[in-house]
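Below: one structure, written as structure tokens.
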There are 2 protein chains.
Amino acid sequence: MSSQTSSLRDRTRRAVQKEIADAAHALFVERGYEETKIDDIAAAVGMSQRSVFRYFETKEELVIGKFDFAAAAMLAIVRDRPMEEAVWVSLRRVFDEMVAPCDDPGQRPAAVSILSVVFGTPALFAAYLQKMHQLQEAIVEALLERANAAGRPYAGDDPAPRALTAAAFGCLVAAQHSWLAGGTTKTFAQALDQAMAAVRSPQVPPRTG
Amino acid sequence: MSSQTSSLRDRTRRAVQKEIADAAHALFVERGYEETKIDDIAAAVGMSQRSVFRYFETKEELVIGKFDFAAAAMLAIVRDRPMEEAVWVSLRRVFDEMVAPCDDPGQRPAAVSILSVVFGTPALFAAYLQKMHQLQEAIVEALLERANAAGRPYAGDDPAPRALTAAAFGCLVAAQHSWLAGGTTKTFAQALDQAMAAVRSPQVPPRTG
DNA sequence: GCTGTATATGTCAGTGACTGTCAAGATGGT
DNA sequence: ACCATCTTGACAGTCACTGACATATACAGC
């Protein structure tokens, strides 16, 4: 019952998890998500089907589980941003966690292939939207706490924080869609900034043609 | 091969569909979605499991298929709104199709029970988000066509229409969530108006020149 | 009425994601 | 070396969903 932050067993577990996810990812890109059976993934890593499900609750988690890492970092960002900062700006900073892998030359190919599979597979996309919604709820919670700490709490039934966060996530997904559809020519940061500016332009709207 | 808008067979098919959906709905509310098997629904309407799947592609469609009706009406609204109207306002009018059942005393109990099941069942909620996203895409398409018809088309890569629509749908879902969580005390129209106002509060008409 | 064609339905077998269970094996601490 | 704990494979089972085939029912023309 050692409560180490990272025991040996924990580390090996993470390693095996990564190995399975990588093998699955490769197969998904190669043959497609639906066409790849759990047995194929199990065979690729030399395990039984049952053991794959001991590391991932569902097939979808093999792909969208990658966003769980970002989730923790995003919540930390909400808390660390200056309390006076406008919510919309803080949310944009939160999304930097999603932007980074897409615009970093090293991680970009992997990020694009993941997003392509997600956006190209209805079942996966539904799971992705759900995960974003969970994340959204957690961020709303963090925003409420931040407002409390700042001494200006929201009214109990004020829909503003939830609505703003939902709108921002809408922009995030819309930006991902546009960015992928446009052949990922510009940076994802640009696509996201444009989308978010279209909904809530800063004080002075930039020249609109 | 009669191409009537509503042949006898079409009508009986709709009737059977409604009968199945109603039976399923009752069982879902009574025992819960996951606990209700397709066989239970089939037995309730005196059919085989196979026949249920001839009327509904998936178990989820038994619930969220109800939104397909609204979808067609919503697209019509986009097209019928004055072309000068701000997109955000048109989207609010589009959502009237979702508001009506929630605020009409006659349909309200049914609407609330459906939304409760959807928001209370992760698998269903994921499917719901996906369906809203499909609807969203269709509405973006309609907005683009409307802009074309008005003589001021969007630039090919302008993320504004998609971002605005995504943000509006975010508000819709957030409002539904708040409305349900708050015990449906106020009207849903109020909840939605508040949410959408929080994102684009005083709709300042863009100074184009 | 009779017949041919299209549609609706039941039955059966099968796939694939996922779960519970149990026994055997590997591991880590003492 | 020993024991508690974790890990694994094997097996059987559930449930959503699909394809195939046979049968029944409906609707047409004659």
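Order of the sequence lines fixes the chain letters, A, B, ..., with proteins taken first and strands second; residue numbering starts at 1 for each chain. Predicted, not measured: the structure shown is a model, and the values here were computed from it.
Under the 4.0 Å criterion applied to side-chain N and carboxylate O atoms, A:Asp22 and A:Lys18 are assigned as salt-bridge partners. Using a 4.0 Å cut-off between charged side-chain N and carboxylate O, B:Glu85 and B:Arg81 make a salt bridge.
Distance, B:Glu19 CD to C:dT9 C1': 15 Å, rounded to whole Å. When the P atom of D:dC6 is taken as reference, atom CG of A:Asp10 falls 11 Å away, rounded to whole Å. Rounding to whole angstrom units, CG of residue A:Leu27 and P of C:dG16 are separated by 15 Å. Per the geometry, CD belonging to A:Glu35 stands 14 Å off C1' belonging to C:dT15, to the nearest Å. Nucleotide D:dC27 holds its C1' atom 18 Å from the CZ atom of B:Arg13, rounded to whole Å. In this entry the distance linking CD of A:Glu34 with P of D:dT18 reads 11 Å, nearest Å. Note: CZ (B:Phe28) to C1' (D:dA16) measures 12 Å, nearest angstrom.
Ring geometry, B:Phe125 versus B:Phe119: the interplanar angle falls from 30° to 60°, so the pair is classed tilted.
The 5' end of DNA chain D is approached more closely, in terms of each residue's nearest nucleotide, by B:Thr36 than by the other of B:Arg9 and B:Thr36.
Remark: the backbone N or O of A:Ala111 is not paired with any side-chain donor or acceptor of A:Lys66 at under 3.5 angstrom.
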- A:Gln130 vs A:Ile64, side chain to side chain contact (heavy atoms under 4.5 Å, CB included): CA-CA, chis, key distance, verdict: CA-CA 10 Å; A:Gln130 193 188 15; A:Ile64 60 179; over 6 Å; no

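With a 6.0 Å cutoff to the six-membered ring centre and a 45° limit on the axis angle, A:Lys59 counts as a cation-pi contact of A:Tyr33.
Using a 4.0 Å cutoff on non-hydrogen atoms, the parts of residues 45-69 of chain A near DNA chain D are A:Gly46, A:Met47, A:Ser48, A:Arg50, A:Ser51, A:Arg54, A:Tyr55, ordered by number.
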